[in-house]
Amino acid sequence: MSKYVFLYHGGKAPESEAEGAAVMETWNQWFESLGSAVVDMGQPTGQSATVASDGATSQGGGANPVTGYSIISADSLEAALVLAKTSPQLAAGGSIEIAETLAVM
């Protein structure tokens, strides 16, 4: 089994406290459905900045800023893609970037 980072981009933010609670319930149900594949549910992200190789910084995370992350265990990238396709992130109009983590020896 490998670990995959799910990087969430975009998506519609809840407009009320009640909508926010419903969204959180949907996410919790999704994580429960993934069972032991969930390594780290992750968190939403806030303000971001980028540091370039020359040390220059820019605010805002670029053209497609990360809005959250999770770490999921799966047998392959294809299996991770199948899991991602059931995420509430997609129903909210967002996207998910998936990257396998590599062991450093």
Side-chain angles (χ1 to χ4, degrees):
M1 287 278 217
S2 295
K3 293 178 186 172
Y4 295 86
V5 179
F6 284 24
L7 295 170
Y8 306 115
H9 299 274
K12 179 180 171 282
E15 295 181 9
S16 69
E17 191 173 315
E19 186 179 343
V23 167
M24 284 307 304
E25 180 59 28
T26 301
W27 277 92
N28 288 332
Q29 288 173 358
W30 180 62
F31 285 124
E32 286 177 20
S33 76
L34 298 181
S36 63
V38 179
V39 175
D40 179 353
M41 288 175 33
Q43 297 290 329
T45 58
Q47 292 181 345
S48 64
T50 301
V51 179
S53 61
D54 66 359
T57 61
S58 59
Q59 299 297 314
N64 196 17
V66 172
T67 56
Y69 76 94
S70 298
I71 301 175
I72 304 297
S73 178
D75 289 328
S76 65
L77 178 58
E78 291 74 25
L81 288 167
V82 169
L83 297 176
K85 288 181 179 182
T86 64
S87 170
Q89 176 70 6
L90 304 177
S95 64
I96 306 170
E97 178 181 350
I98 302 166
E100 182 178 6
T101 65
L102 302 175
V104 178
M105 296 184 201

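Residue numbers count from 1 along this sequence.
We find the OG-CG distance between S73 and D40 to be 12.5 Å, quoted to the nearest 0.5 Å. Interatomic distance, CE of M41 versus CD1 of I72, reported as 9.5 Å (0.5 Å rounding).
With sequence neighbours excluded, the residues forming a salt bridge (Lys or Arg N to Asp or Glu O under 4.0 Å) with E19 are K12, listed by chain and number.
With a 4.5 Å cut-off on side-chain heavy atoms, V38 and E32 do not count as touching. With contacts defined as side-chain heavy-atom distances shorter than 4.5 Å, the pair Y8/S70 qualifies. Two residues are said to be in side-chain contact when any heavy atoms from C-beta on lie closer than 4.5 Å; D75 and M1 meet this criterion.
In this structure, S2 contributes its side chain and E100 its backbone to no donor-acceptor pair below 3.5 Å.
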Can I get a per-line list of side-chain donor-acceptor pairs under 3.5 Å for residues 47-62, giving both atom names and the distance, sequence neighbours left out?
unit_1 : atom_1 : unit_2 : atom_2 : d
S48    : OG     : G61    : N      : 3.1
D54    : OD1    : A56    : N      : 2.8

Throw together a table of side-chain donor-acceptor distances under 3.5 angstrom for residues 81-91, partners on residues two or more places apart or in other chains.
unit_1 : atom_1 : unit_2 : atom_2 : d
T86    : OG1    : W30    : NE1    : 2.7
T86    : OG1    : L83    : O      : 2.7
S87    : OG     : Q89    : N      : 3.0
Q89    : NE2    : H9     : O      : 2.9
Q89    : NE2    : G10    : O      : 3.0

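The minimum heavy-atom distance between L77 and Y4, with the atom names listed, is N-OH, 3.0 Å. For the residue pair N64 and S95, the shortest heavy atom distance occurs at ND2-OG, 4.5 Å. P14 approaches V23 most closely through the heavy-atom pair CG-CG2, 4.1 Å.
In the hydrophobic clustering of ILVMFWY residues, with side-chain heavy atoms under 4.5 Å counting as a link, V39 and W27 come out apart. Under a hydrophobic-cluster definition in which Ile, Leu, Val, Met, Phe, Trp and Tyr are linked whenever side-chain heavy atoms come within less than 4.5 Å, directly or via other members, V66 and I98 are assigned to different clusters.
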